[in-house]
Every structure is written in C-alpha cells, then in structure tokens.
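Read the numbers this way: they start at 1 and go in the same order the structure lists the ligands and their atoms.
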Amino acid sequence: MILELDAGNTRVKWRVIDELGKRRGGGALVSDATAGDMLEPLLAARNLTAARMVSVASPVVAQSIGFMLQRSFGIELRLVAVQAECNGLVNPYQNVSKLGADRWLAVLAARKHYGDDCLVVDCGSATTIEMLSAGRYLGGVIAPGVSLMFKALYSDTHQVKVLGERPQELDAAKDTDSAVQCGVWGSQVGLISYYRELLLQRGAGVEPRVVICGGDASQLGGLLPFKHAVHEELVLDGLAIASPIIQSVAD
Ligand SMILES: Nc1ncnc2c1ncn2[C@@H]1O[C@H](COP(=O)(O)OP(=O)(O)O)[C@@H](O)[C@H]1O
Ligand SMILES: CC(C)(COP(=O)(O)O)[C@@H](O)C(=O)NCCC(=O)O
Ligand SMILES: [K+]
C-alpha cells in the first residue's frame with residue numbers, strides 16, 4: 001500500500017492506494033505540526049510500503065508526518081518537488097523552483113485526464129488558475145481563496161462581519177450578508193471566467209476543459225456559468241506522474 005499526501009496551507013489531504021493504483025481510503029487533516037499524530041492511528045494495519053507527498057505548507061507539517069512514518073512504520077516519506085519538465089510538460093516559471101509544487105502536479109494530472117487544453121482551478125486557501133494550451137503550460141495566477149476573502153473583510157472593516165455561506169445566485173444584494181457573499185463568490189467566478197476567455201483566445205478558439213479541485217471546488221462549481229469537471233483528488237493524482245522523488249525530509 002502506498003500513502004499519498006497533499007499538504008496545502010489549510011488541510012493535508014491523504015489517501016492510500018494499492019499497488020494497482022486503486023484507492024483504499026483517505027481523508028483530510030488540519031495542516032499543522034500535529035498532522036503526524038492525527039494521521040498515525042488512521043494508518044494502523046494498512047501495511048504501508050511507501051509514502052510520497054507534495055507540500056506547500058510549513059515544513060513542520062512534512063516533518064511531523066515524516067518522523068511519524070519513520071518511527072511507527074519504518075517508512076521514509078519522500079517529498080515530490082516541482083520539476084523543470086515532466087513528460088514533455090515544461091514549467092513556465094523563470095525560476096522553476098518557485099512554482100508551487102501543488103500547481104505543477106495539478107497541471108500534470110489535468111493534462112493526463114483531460115487533454116492538452118485545460119483551465120486548471122484549485123480553490124483552496126488560495127485560488128490558483130493555470131492555463132494549458134495545446135499541451136503548453138502558459139503559466140497561471142494566484143488569488144486569495146474564498147475563506148481568505150471573507151476573513152480579509154471581516155478583520156479589516158468595522159461594519160462587515162460576515163463569514164461563510166455561498167449565495168444561491170449572483171445578483172445585486174440588498175443586505176450586508178448577501179452583498180459580501182455575492183461579492184466574494186462572484187469575484188472567484190469572475191476571475192475564472194476571465195482566464196477561461198483568455199485561454200480561449202490564446203488557443204485560437206479551442207474550447208478548454210475547465211477542471212476544478214480544492215476544498216471549495218464543488219461549491220464554486222455550482223455558480224460557474226459554463227461546463228466544468230470537479231476533480232477532487234487532482235493534485236494527489238499528479239504525485240504518481242511526477243513521482244521521480246528527489247528529496248526526503250530526512251535529508
Ligand atoms: N472540512 C473543511 N475544513 C477546512 N476547510 C474546508 C473544509 N471543507 C471545505 N473547506 C474549504 O476548503 C478550503 C481549503 O481547501 P483545501 O483544498 O484543503 O486548501 P489547501 O490545499 O490550501 O489546504 C477552506 O478554505 C474552506 O473554504
Ligand atoms: C499558491 C499557493 C499558496 C497555493 O497553496 P494552497 O492554496 O494549495 O494552500 C502555493 O501553490 C504556493 O505556495 N506557491 C508558491 C508560489 C507560486 O506558485 O508562485
Ligand atoms: K490552491
């Protein structure tokens with residue numbers, strides 16, 4: 001059994017797959033130094049033989065999981081890092097190591113599952129949007145995610161103390177709660193729509209597949225006015241593709 005982990009800034013998503021790649025369970029944990037302790041009882045009796053992880057969170061998260069796996073299962077946690085190139089996909093960053101490894105894996109997995117023209121959206125702590133056109137990774141954008149947008153207004157305004165809820169539809173609002181909800185969710189929809197249009201132009205009219213992952217993917221998907229696929233474990237799927245594993249937390 002292989003343990004796969006995707007540590008974002010809010011949560012660690014994990015799953016166990018068998019040697020044939022079939023999913024045998026998984027879940028999510030809070031992304032902090034307690035992650036290893038939280039995970040340990042969930043892995044008992046799973047007969048783990050390997051573990052690989054992508055992390056954009058604080059190194060303490062990978063350390064806590066790495067130490068636990070070494071101590072309790074005798075397994076070395078291997079961290080998958082971003083690459084300059086993989087399977088013909090070229091990292092577009094000037095400094096390739098600065099691209100978030102989760103973004104890289106999401107694009108690799110999207111290309112495998114959905115083809116060469118994709119808009120890849122990850123709605124997590126941050127909302128990231130990647131543009132893939134004719135198999136070329138053009139780059140992407142980073143914006144605050146839904147929860148961060150709510151938190152920013154909550155903490156830095158006096159009269160706007162609103163959290164949570166997604167509106168049924170995006171319309172002109174007549175109370176503060178709805179105004180914030182439509183503004184926050186609408187800005188995400190607007191951003192994604194803008195980059196979908198841009199990708200359509202860049203691809204000379206080829207309709208891109210829109211693929212969404214991340215904790216807010218299904219909620220956000222419900223507001224998008226175009227066809228899309230919600231693919232919850234897109235980043236985890238990328239681990240097996242990028243799998244040349246180049247760094248260990250023990251290093
Ligand atoms: N059970 C949950 N715990 C925390 N956040 C959740 C949960 N379910 C949905 N969310 C939403 O998902 C977001 C985190 O998504 P996720 O993809 O896990 O982010 P990250 O990869 O940055 O850790 C949160 O900001 C929140 O809006
Ligand atoms: C953009 C991110 C913060 C997204 O993280 P997440 O929302 O998954 O927690 C992460 O991919 C990151 O730290 N990237 C490094 C900067 C970059 O990609 O340019
Ligand atoms: K993200």
Tell me the protein heavy atom at minimum distance from atom 10 (N) of ligand 1, and give that distance in Å. G215 O, 4.2 Å
With heavy atoms of T128 as the reference, note each atom of ligand 2 found under 4.0 Å away. 1 (C)
Do E233 side-chain atoms and L236 backbone N/O form a donor-acceptor pair below 3.5 Å? no
Does only the side chain of T127 get under 4.0 Å from ligand 2, or the backbone, or both, or neither? Count heavy atoms. neither
For ligand 2, is there an N or O atom under 3.5 Å from any N or O atom of Y93? yes
Students should be able to answer this: which protein heavy-atom is nearest to atom 13 (C) of ligand 1, and at what distance? D216 OD2, 3.8 Å
Would D122 count as being in polar contact with ligand 2, using the rule that some N or O on each side must be under 3.5 angstrom apart? no
A student checking ligand 2 against G8 at a 4.0 Å heavy-atom cut-off should list atoms 9 (O)
For atom 4 (C) of ligand 1, find the nearest protein heavy atom and state the residue, atom name and distance (0.1 Å precision). R11 CD, 3.6 Å
For ligand 1 and G214, I'd like to know whether there is a polar contact (N/O to N/O, distance under 3.5 Å). no
Does V160 offer a backbone N or O that forms a donor-acceptor pair with the side chain of T176 under 3.5 Å? no
Any atoms of ligand 2 less than 4.0 Å from a non-hydrogen atom of L99? List them with their elements. 18 (O)
Walk me through it: do S178 and D175 pass the test side chain to side chain donor-acceptor pair (under 3.5 Å)? CA-CA 6 Å; S178 312; D175 63 81; 2.8 Å; yes
S125-T10 side chain donor-acceptor pair, cut-off 3.5 Å: yes
Atoms of ligand 2 under 4.0 Å from any heavy atom of R103, numbered from 1 in the order shown, are 11 (O), 17 (C), 18 (O), 19 (O)
Heavy-atom proximity to atom 11 (O) of ligand 2, picking from D102, V235, V56, points to D102
For atom 14 (N) of ligand 2, the protein heavy atom that lies nearest, with its residue and separation: G100 CA, 3.4 Å
Please work out the angle at the K ion (ligand 3) defined by atom O of A126 on one side and atom O of D122 on the other, rounded to 10°. 60°
Please confirm whether K13 approaches ligand 1 to less than 4.0 Å, judged on its heavy atoms. yes
Where ligand 2 meets S125 - atom numbers and elements under 4.0 angstrom, heavy-atom basis: 7 (O), 9 (O)
Interfacing atoms of ligand 1 (cut-off 4.0 Å, heavy-atom, S125): 19 (O), 20 (P), 22 (O), 23 (O)
Among all protein non-hydrogen atoms, which one is nearest to atom 16 (C) of ligand 2, and what is the separation to 0.1 Å? K98 O, 3.4 Å
Donor-acceptor contact below 3.5 Å, side chain W185 vs main chain Q168: no
Got an N/O contact under 3.5 Å between A126 and ligand 2? yes
From the list D6, V61, L239, side-chain contact (heavy atoms from CB on, under 4.5 Å) partner of M53 resolves to V61
Partner of D116 by salt bridge (charged side-chain N to carboxylate O under 4.0 Å, His left out), out of R111, R136, R209: R111
Are L99 and V80 linked, directly or through intermediate hydrophobic residues, by side-chain heavy-atom contacts shorter than 4.5 Å (ILVMFWY only)? yes
What atoms of ligand 1 come closer than 4.0 angstrom to any heavy atom of S147? 24 (C), 25 (O), 26 (C), 27 (O)
Which residue owns the protein heavy atom closest to atom 5 (O) of ligand 2, what's the atom, and how far is it? N9 ND2, 3.4 Å
Looking only at side-chain N and O atoms, does R103 offer a donor or acceptor that is under 3.5 Å from a partner on Y93? yes
Ignoring hydrogens and angles, tell me if any N or O in the side chain of T127 forms a donor-acceptor pair with the backbone of C123 under 3.5 Å. no
Tell me whether ligand 1 is touched by N9 - counting only heavy atoms on the residue side and a distance under 4.0 Å. yes
Please tell me whether Q83 and W104 have a donor and an acceptor in their side chains that are separated by less than 3.5 angstrom. yes
When you measure from the side chain of Q188 to the backbone of P144, do you find a donor-acceptor pair of N or O atoms at a distance under 3.5 Å? yes
What's the separation between atom SG in C182 and atom NZ in K174, rounded to the nearest 0.5 Å? 10.0 Å
